[in-house]
Amino acid sequence: MVDDARHRPRSTWSAAWRFLIVGGVNTLVTTALLIALSYVLEGWVAYTLVFVAGLAFSTFFAARWVFTSNGSRRAALAYALSYLVIYFIGLLAIAGIRALDGPEYLNGLSVLVTAPLGFVAGRIVFRERQREESTDD
């Protein structure tokens, strides 16, 4: 059996740093888009559009570069489903900002809630998938 470093799970710290890089890029771009779109669309519509784009980016890079999984369809689906829950939590944050009559740019604060949840979801989904892959060998 060949020890292939590409298929070994990353340490939590290594994955966290990579997640911060991927998530940071994703967050900067999607937050800027969210703020801009919030001025021309309803907050929830802007959030939904940006969330879908960010999820596609995150699913691709989280699987391959952050958590070193093969990015199977099953793992990607589990990750996307976990993000469905995170999506609704983000919508609650947007609704809370609206309820407090906060300005549109504060919608970007929803990231403070959703980003940590995304890391935990990825760590759980892709680590479990790696265990399945190693037992299939």
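Note that the structure is a prediction, hence the values are computed from the model and not measured.
Val40 and Tyr47 end up in the same hydrophobic cluster when Ile, Leu, Val, Met, Phe, Trp and Tyr side chains are linked at under 4.5 Å. A single hydrophobic cluster is seen to contain both Ile97 and Tyr105, as judged by linkage of ILVMFWY side chains at heavy-atom distances under 4.5 Å, directly or through other members. Taking hydrophobic clusters as Ile, Leu, Val, Met, Phe, Trp and Tyr residues chained together by side-chain heavy-atom distances below 4.5 Å, Trp44 shares a cluster with Val113. Residues Ile35 and Phe51 are members of separate hydrophobic clusters, defined by side-chain heavy-atom contacts under 4.5 angstrom among Ile, Leu, Val, Met, Phe, Trp and Tyr. No single ILVMFWY cluster, assembled from side-chain heavy atoms under 4.5 Å apart, contains both Leu112 and Leu117.
Between Ala78 and Val125, the shortest heavy-atom distance links the atoms CB-CG1, 3.9 Å. The two residues Tyr79 and Ser58 make their nearest non-hydrogen contact at OH-OG, 2.9 Å. Across all non-hydrogen atoms, the minimal contact from Leu34 to Val50 is N-CG2, 3.7 Å. Scanning all heavy atoms of the two residues, the minimum distance from Ala46 to Leu37 falls at CB-CB, 3.6 Å.
The shortest distance between side-chain heavy atoms of Val29 and Phe57 does not fall below 4.5 Å. Residues Pro103 and Leu106 meet the side-chain proximity criterion, which asks for heavy atoms closer than 4.5 Å. No side-chain heavy atom of Ile124 sits less than 4.5 Å from a side-chain heavy atom of Ser82.
For the atom pair CZ (Phe88) and CD1 (Ile94), the distance works out to 13.5 Å, reported to the nearest 0.5 Å. From Leu91, atom CG reaches atom CD1 of Ile86 across 12.5 Å, with rounding to the nearest 0.5 Å. Taking CG of Leu49 as the reference point, atom CG of Leu41 lies at 6.5 Å (rounded to 0.5 Å). Rounded to the nearest 0.5 Å, atoms CD (Glu104) and CZ (Arg98) are 5.0 Å apart. Note that OG1 of Thr114 is 12.0 Å distant from CG of Leu92, once rounded to the nearest 0.5 Å.
With sequence neighbours excluded, the residues forming a side-chain hydrogen bond (donor to acceptor under 3.5 Å, both in side chains) with Ser38 are Asn107, listed by chain and number. Under the rule for a side-chain hydrogen bond (donor to acceptor under 3.5 Å, both in side chains), the partners of Thr48 that lie at least two apart in sequence or sit in another chain are Tyr87.
By the neighbour-count criterion of 12 heavy atoms within 6.0 Å, atom OH of Tyr39 is densely surrounded, having more than that number from other residues, nucleotides or ligands.
Applying the side chain to side chain donor-acceptor pair (under 3.5 Å) definition to pairs two or more places apart or across chains, none involves residues 25-37.
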